[in-house]
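The next block holds one structure in the form of structure tokens; read it before the comments.
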Amino acid sequence: MPFQPRELQPDRSARDLLGFEIRRHREKADMSLRQLAEVLNYSKSHLARMEAAETLPYDGLASSLDACFGTDGLFARLYELARKEPFPGKYRRVIEIESRAVAIESYVSATVHGLLQTPEFADRWLRCGHPDAPDGEIASLVKARLDRQARLSAPRPPRCWFILDETVLRRRVGSPEVMRQQMERLLERTARPNITIQVLPFSAGGEHPDLGGSLTLFTPPDDPQVAYVEGSRFGTIIEDRDGVAKRRQSYDLLRAMALSPYDSEAMIRAAMEDWKACRPPRT
């Protein structure tokens, strides 16, 4: 089945406009993605993601595109606009809702929540999701993720409640040292008055409809509560009253099934010591 490029909406975002213009100029020059990649000495897969507005240029590619198509700085100017939008369109509205929320309540089953990740953990996790991405793209994604965390220590931070599946503490991402540092970060975060972390232990069983994905409830300052459910390949914003109420009930049940904050801290601390014991001895 031939590849079908995603339809872009150039008026939706600078990212979409950049991808639209790359595709338009490439097709106008009667070039395939492979041919353009060869001319630019660039990754074909990364070019495809740029045309789909899923990532941004790096290593001076915008200037190379201008030189290739004779566009007199067009792509350099579009890049300057697009780089101010660190998240793809499919995530942008979720990030916007998160940035305004006065309360964030989240359950994650597969990984540490992005608002709690260390740079090293984020780097390893993002490389798993983007195995072909160059270092420059990964660095940009890590920075965008870490920039989101600044609100947690702002003068008026949101009230945050995180429920982490015990799997998050036990399944290694990166080296044991990366995991030890991540456990230490969780303990640092849970010491803050606006952040509560609970662990959902294996002993709680698996009979819950939201186990296996993630569920977040956002409380905006002046709008109704919004729910966001996400799996490995999808994410859905839920705004209708009945849908949000159903997720509210699910989250409250997860919170009741989880360990108390005190016992959760003890489990995180024990996991940190376990990962410390896994480090190779110094020579």
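As a basis for the values below, the full set of heavy atoms in this structure was taken, side chains included, without hydrogen atoms, waters or symmetry mates.
Of the possible donor and acceptor atoms, none in the side chain of Arg100 sits under 3.5 Å from a partner among the backbone N and O of Pro220. Between the side chain of Ser264 and the backbone N or O of Val199 there is at least one donor-acceptor pair closer than 3.5 Å. Between the side chain of Arg180 and the main chain of Met272, no donor-acceptor pair closer than 3.5 Å is present. In this structure, Arg151 contributes its side chain and Glu98 its backbone to a donor-acceptor pair below 3.5 Å. The main-chain N or O of Val178 is never found under 3.5 Å from a side-chain atom of Glu120 such that the two would form a donor-acceptor pair. A donor-acceptor contact shorter than 3.5 Å is absent between the side chain of Glu239 and the backbone of Val244. In terms of modelled atom types and a separation under 3.5 Å, the side chain of Gln149 and the main chain of Gln117 share a donor-acceptor contact. In this structure, Tyr251 contributes its side chain and Thr216 its backbone to no donor-acceptor pair below 3.5 Å. At distances below 3.5 Å, at least one donor-acceptor pair connects side-chain atoms of Trp275 with backbone N or O atoms of Leu169. Without hydrogens or angle criteria, Gln182 side chain to Leu116 main chain gives a donor-acceptor distance under 3.5 Å.
Hydrophobic clustering, with ILVMFWY side chains joined whenever heavy atoms are under 4.5 angstrom apart, keeps Leu164 apart from Phe202. In the hydrophobic clustering of this structure, Met267 groups with Leu187; members are Ile, Leu, Val, Met, Phe, Trp, Tyr whose side-chain heavy atoms approach within less than 4.5 Å, directly or through other members.
Pairing each heavy atom of Gly114 with each of Arg145, the nearest pair is O-CG, 3.7 Å. Between Ile268 and Met183 the shortest heavy-atom distance is CG2-O, 3.7 Å. Summarising the geometry of Leu152 relative to Cys160, their closest heavy-atom pair is CD2-SG, 3.5 Å, with the distance given to 0.1 Å. Smallest separation of non-hydrogen atoms from Ile197 and Leu186: CD1-O, 3.6 Å. Heavy atoms only, all atoms of each residue included: Met179 and Val168 are closest at CE-O, 3.7 Å.
Around CG of Asp147, the count of heavy atoms belonging to other residues, nucleotides or ligands within 6.0 Å exceeds 12. Summarising the local packing, CG of Asn41 is surrounded by 12 or fewer heavy atoms from other residues, nucleotides or ligands at distances under 6.0 Å.
The aromatic rings of Phe69 and His25 lie tilted to each other, with the angle between the two planes from 30° to 60°.
Checking Trp161, Tyr107, Tyr262 one by one against Gln198, the side-chain hydrogen bond (donor to acceptor under 3.5 Å, both in side chains) holds for a single residue, Trp161.
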Item to complete: Could you go through the side chain to side chain contact (heavy atoms under 4.5 Å, CB included) check for Leu65 and Tyr79 one step at a time?
Response: CA-CA 11 Å; Leu65 286 166; Tyr79 169 70; over 6 Å; no

Practice prompt. Begin with the C-alpha distance, continue with both residues' side-chain angles, and end with the deciding distance and a verdict on side chain to side chain contact (heavy atoms under 4.5 Å, CB included) for Tyr228 and Thr236.
Written response: CA-CA 6 Å; Tyr228 178 65; Thr236 304; 5.7 Å; no

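Rounding to the nearest 0.5 angstrom, the gap separating the OG1 atom in Thr196 from the CZ atom in Arg255 is 8.5 Å.
Ionic pairing of Glu21 and Arg24 is present here: one or more N-O contacts between side-chain nitrogen and carboxylate oxygen are shorter than 4.0 angstrom. A salt bridge between Asp252 and Arg248 is present, with a side-chain N of the basic residue lying under 4.0 Å from a carboxylate O of the acidic one.
Using modelled atom types and a 3.5 Å distance limit, the side chains of Arg171 and Thr111 yield no donor-acceptor pair.
A heavy-atom distance below 4.5 Å is not found between the side chains of Pro261 and Thr190.
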